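Down below is the structure, laid out as structure tokens.
Whatever order the structure lists them in is the order used to number ligands and atoms, beginning at 1. Since this is a predicted model, take the numbers as computed values, not measurements.
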Amino acid sequence: MSTATAPTETHLRSEFEALFGYSPLGCFRAPGRVNLIGEHTDYNNGFVLPIAIDRAVYVAIGRRSQTHYSSHDAGSATPPRCEESVRIVSDHRDERGERLTDQFAAEELVPGTLRGWLSHPAGVVDEIAKTTGTTVGGIDLYIESTVPVGAGLSSSHALEVAVLIALDDVYGLGLDDREKVLLTQRAENDFVGAPTGIVDQAASVMTEAGHALFLDCRDLRTRQIPFDLDAEELRLLVIDTRVSHSHSESGYGDRRRTCEEAAAILGAASLRELDEAVDLAPLTEEQRRRLRHVFSENARVLDTVELLEGHGGEGRSIRGIGELLLASHNSLAHDYEVSCTELDVAVAAAMSAGAIGARMIGGGFGGSAIALVDVAGADQIGETVMSAFAEHGYRAPDVFTVSAGKGAGRID
Ligand code: GLA
């Protein structure tokens, strides 16, 4: 199983100083997320229940003065085009083993024109200008991450949140949590051009340590739900299939459009506004299946919250949510059709080896599954999943445990 060690503030500061030649103003972290349940419900104004995981994106930020700018060549960072550019160095390496290094000027940013990792921080800078009137410039950022890229754990949203909270602090923007979530969502939707919902940003910004975040995506009301795996001697495994199927982006957009069209046909602003008893006759068979997933998934989130809060009269129970996790997977696989063979194999293998529950997470068509397991069985279940992948001739998955970490903030 893979592990990840969080960088210390001292480490981030010294890397920043070596790169840019002066001391950073501060260091910040924003976690990735695992959505326990409530998949493809956020853009339908429904319910979600993510945890912030103990893996995060880390940012050291500095504001260079004219002196710093003219007396240093910023180490391996290329010299800025102008004094006011934003320079970014990421410890993520390219194929030649070099750190990713880039820069942009806020005034030159045009939505939809940047591709890849840089589009995420650039989108945040663009949205800060649009939302607050503040033009970000003369800023240096150094980034490290323990969230695996492409695993469906929201590494890009965590990057956006980390950059936003760093800039919020340096410029004194005074954004509250809700504004941070909405701003990073607009960066993703309007600048990057990905039509995603709000669960990932909310999980990173709003979650408290040791809790899951119960979020109503219609009005962004939240409740912190206790999620203490140790108290029940449980572990949450992430199984990163390390595949991303080529239709993942188009498939996501298609599902969203289908739901919006179905809501419009039924005369509602969103699926959330519809009662389950609504007459589905005007819809196609495919639209009905998609709705069945969204309706049943919203109900599963409420049932999960009830179990975790112990309203059933039998005390709090994480163990009790296993069946709901599996039902969510089956609904995503058959009604919503966003799973893939690798995810199905991961879930089936984990369940066959004694997992309490398992399901795919995130947008689907690849990425990760989760498995809720007893501490005592965790290694065995991980090994069974590895063997199942080998038997199918799939690339070995990355299997690791996560716990409910704290939301984004400054590292002190
Ligand atoms: C991706 C998106 C989220 C959400 C999930 C599916 O992770 O970024 O907004 O829609 O897919 O639940």
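His120 pairs in a side-chain contact (heavy atoms from CB on, under 4.5 Å) with only one of the listed residues (Val163, Leu159, Val57, Val161), which is Leu159. With respect to Glu232, the side-chain contact (heavy atoms from CB on, under 4.5 Å) criterion is satisfied by exactly one of Leu229, Asp228, Leu234: Leu234.
Note: Ile165 CD1 to Leu175 CG = 11.5 Å, rounded to the nearest 0.5 Å.
For atom 9 (O) of ligand 1, the nearest protein heavy atom (residue, atom name, distance) is Asp42 OD2, 2.6 Å. The protein heavy atom nearest to atom 10 (O) of ligand 1 is Tyr252 OH, 2.6 Å. Residue, atom and distance of the protein heavy atom nearest to atom 7 (O) of ligand 1 are Arg33 NH2, 3.1 Å. In terms of protein heavy-atom proximity, atom 8 (O) of ligand 1 is closest to Asp200 OD2, 2.5 Å.
When non-hydrogen atoms are compared, ligand 1 lies under 4.0 Å from neither the backbone nor the side chain of Glu297.
Taking every non-hydrogen atom of Thr196 and a distance limit under 4.0 Å, the qualifying atoms of ligand 1 come out as 2 (C), 8 (O), 9 (O).
Looking at ligand 1, you won't find any N or O of Asn35 less than 3.5 Å from one of its N or O atoms. At under 3.5 Å, a nitrogen or oxygen of Gly197, whether backbone or side chain, sits near a nitrogen or oxygen of ligand 1.
Relative to atom 11 (O) of ligand 1, the option among Gly152, Gly363, Cys217, Gly364 with the closest non-hydrogen atom is Gly363.
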Under the salt bridge (charged side-chain N to carboxylate O under 4.0 Å, His left out) rule, what do Asp230 and Arg235 come out as? Steps first, then yes or no, please. CA-CA 7 Å; Asp230 286 342; Arg235 290 279 176 273; 3.1 Å; yes
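For the pair Arg300 and Phe47, the cation-pi test (distance below 6.0 Å, angle within 45°) is failed. Because its NZ or CZ atom is not both nearer than 6.0 Å to the ring centre of Phe389 and within 45° of the ring axis, Arg242 does not count as a cation-pi partner of that residue.
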